[in-house]
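The figures that follow rest on heavy atoms only: side chains count, while hydrogens, waters and symmetry mates do not.
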Amino acid sequence: MLLPGDRNVAAWYDVVLNRYFSAWPASSPWNTQAAHARDLRTYFDFLWFARGRRDWRDASMDGRAAFEWWGG
């Protein structure tokens, strides 16, 4: 999965997330996989743009609550 970042490229590849997506969702229908990826991307964008450029690994319970309140 490509994530936004300031690693001198427009996006970077996350190996840990790739392992996640090659486990559980790999056996799901393609539209379920796509919906799950969109939901994660929305959350990651929220963390990056609204929570001080945080990576998903730096997310806190407060950040998750703010995302839920925001409508995620």
Mind checking whether Trp70 and Leu40 sit in one hydrophobic cluster, side chains of I, L, V, M, F, W, Y counted as touching below 4.5 Å?
-> yes

For the student: nearest non-hydrogen atoms of Ala59 and Tyr43, plus distance | CB-OH, 3.5 Å

From CH2 (Trp69) to CG (Asp62), nearest 0.5 Å = 14.0 Å

Say you draw a straight line from CZ of Phe44 to CG of Asp55; how long is it, rounded to the nearest 0.5 Å?
-> 8.0 Å

CZ (Arg57) and CG (Leu47) are apart, to the nearest 0.5 Å, by 12.0 Å

Should the heavy atoms of other residues, nucleotides or ligands under 6.0 Å from CZ of Arg51 be counted, would the total exceed 12?
-> yes

